[in-house]
Amino acid sequence: MDYKVRQARTGDVRAIRRLVDANVASGRLLDKATVTLYEDIQEFVVADRVGDGQVIGCGALHVMWEDLAEIRTLAVDETCQGEGIGNVIVEALLARARELAVGRVFVLTFAVKFFGRLGFEEISGEAAAPEVYAELLRSYDEGVAEFLDLDRVKPNTLGNTRMLLRF
């Protein structure tokens, strides 16, 4: 299948919503309000199928700190999985992280083997220096809370894994 990865646009939010909804029931993705998808659209890239332009995958890069970002909301249409689309999306997001001079990229995932092949390693315990940790606690973002492994979110009770890639 031919596809291209590009920066997402507001017109893509309905397709991103569809991809998110297809992964919420299984627990692979946390649900996000549609308004949040619009607010964060500049963080997203999408994969378009060549020919019909249908969005068949998405992912976002969320900067958390000077040297830290998170890949989130990575999803590929069920009918297109196994074709390398997720890999290309992650590579595009990692390229963006390098452009921003982010030295570490975090992911909270069930797809440990997938991210492991891309160089991510499992982490546990404190993932930030104490002074950075204190600042990150001020964030209202649930992804930051997941990174910090705060009790109030506890997504790891689902069995997902915290992973980190260092450049």
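One is the number of the first residue; the rest follow in order along the sequence.
- The environment of CD in E78 is sparse: at most 12 heavy-atom neighbours from other residues, nucleotides or ligands sit within 6.0 Å.
- A heavy-atom distance below 4.5 Å is not found between the side chains of R117 and N87.
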side-chain contact (heavy atoms from CB on, under 4.5 Å) between I71 and L94, intermediate numbers included
CA-CA 8 Å; I71 290 178; L94 292 176; 4.0 Å; yes
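- In this structure R14 satisfies the salt bridge (charged side-chain N to carboxylate O under 4.0 Å, His left out) test with no other residue, sequence neighbours excluded.
- Ionic pairing of R49 and D52 is present here: one or more N-O contacts between side-chain nitrogen and carboxylate oxygen are shorter than 4.0 angstrom.
- Here the side chains of E122 and V112 are in contact, with some heavy-atom distance below 4.5 Å.
- Within the 3.5 Å criterion, the main-chain N or O of V105 finds no donor-acceptor partner in the side chain of E70.
- Here the straight-line distance linking atom CG of D77 with atom CD of Q54 works out to 6.0 Å at 0.5 Å rounding.
- Side-chain contact between I89 and L93: present, with at least one pair of heavy atoms (C-beta onward) separated by less than 4.5 Å.
- Looking at heavy atoms from C-beta onward, E43 lies out of side-chain contact with L61 at the 4.5 angstrom threshold.
- Ion pairing of R17 with D12 is absent here, as no side-chain N (NZ or NE/NH1/NH2) approaches a carboxylate O to less than 4.0 Å.
- Counting heavy atoms from C-beta outward, V88 and Y3 have side chains that approach closer than 4.5 Å.
- You'll find the side chain of L164 stays beyond 4.5 Å of the side chain of F120, heavy atoms only.
- Using a distance-only test at 3.5 Å, with no hydrogens or angles considered, a donor-acceptor pair links the side chain of Q7 to the main chain of F44.
- Atom CG of L108 and atom CG of L30 lie 7.5 Å apart (nearest 0.5 Å).
- Side chains of D48 and V46 form a contact here, defined as non-hydrogen atoms less than 4.5 Å apart.
- Put simply, the side chain of R98 never gets that close to the backbone of F167: no donor and acceptor are under 3.5 Å apart.
- Residues R72 and K32 form a side-chain contact, since some pair of their non-hydrogen atoms from C-beta on lies under 4.5 Å apart.
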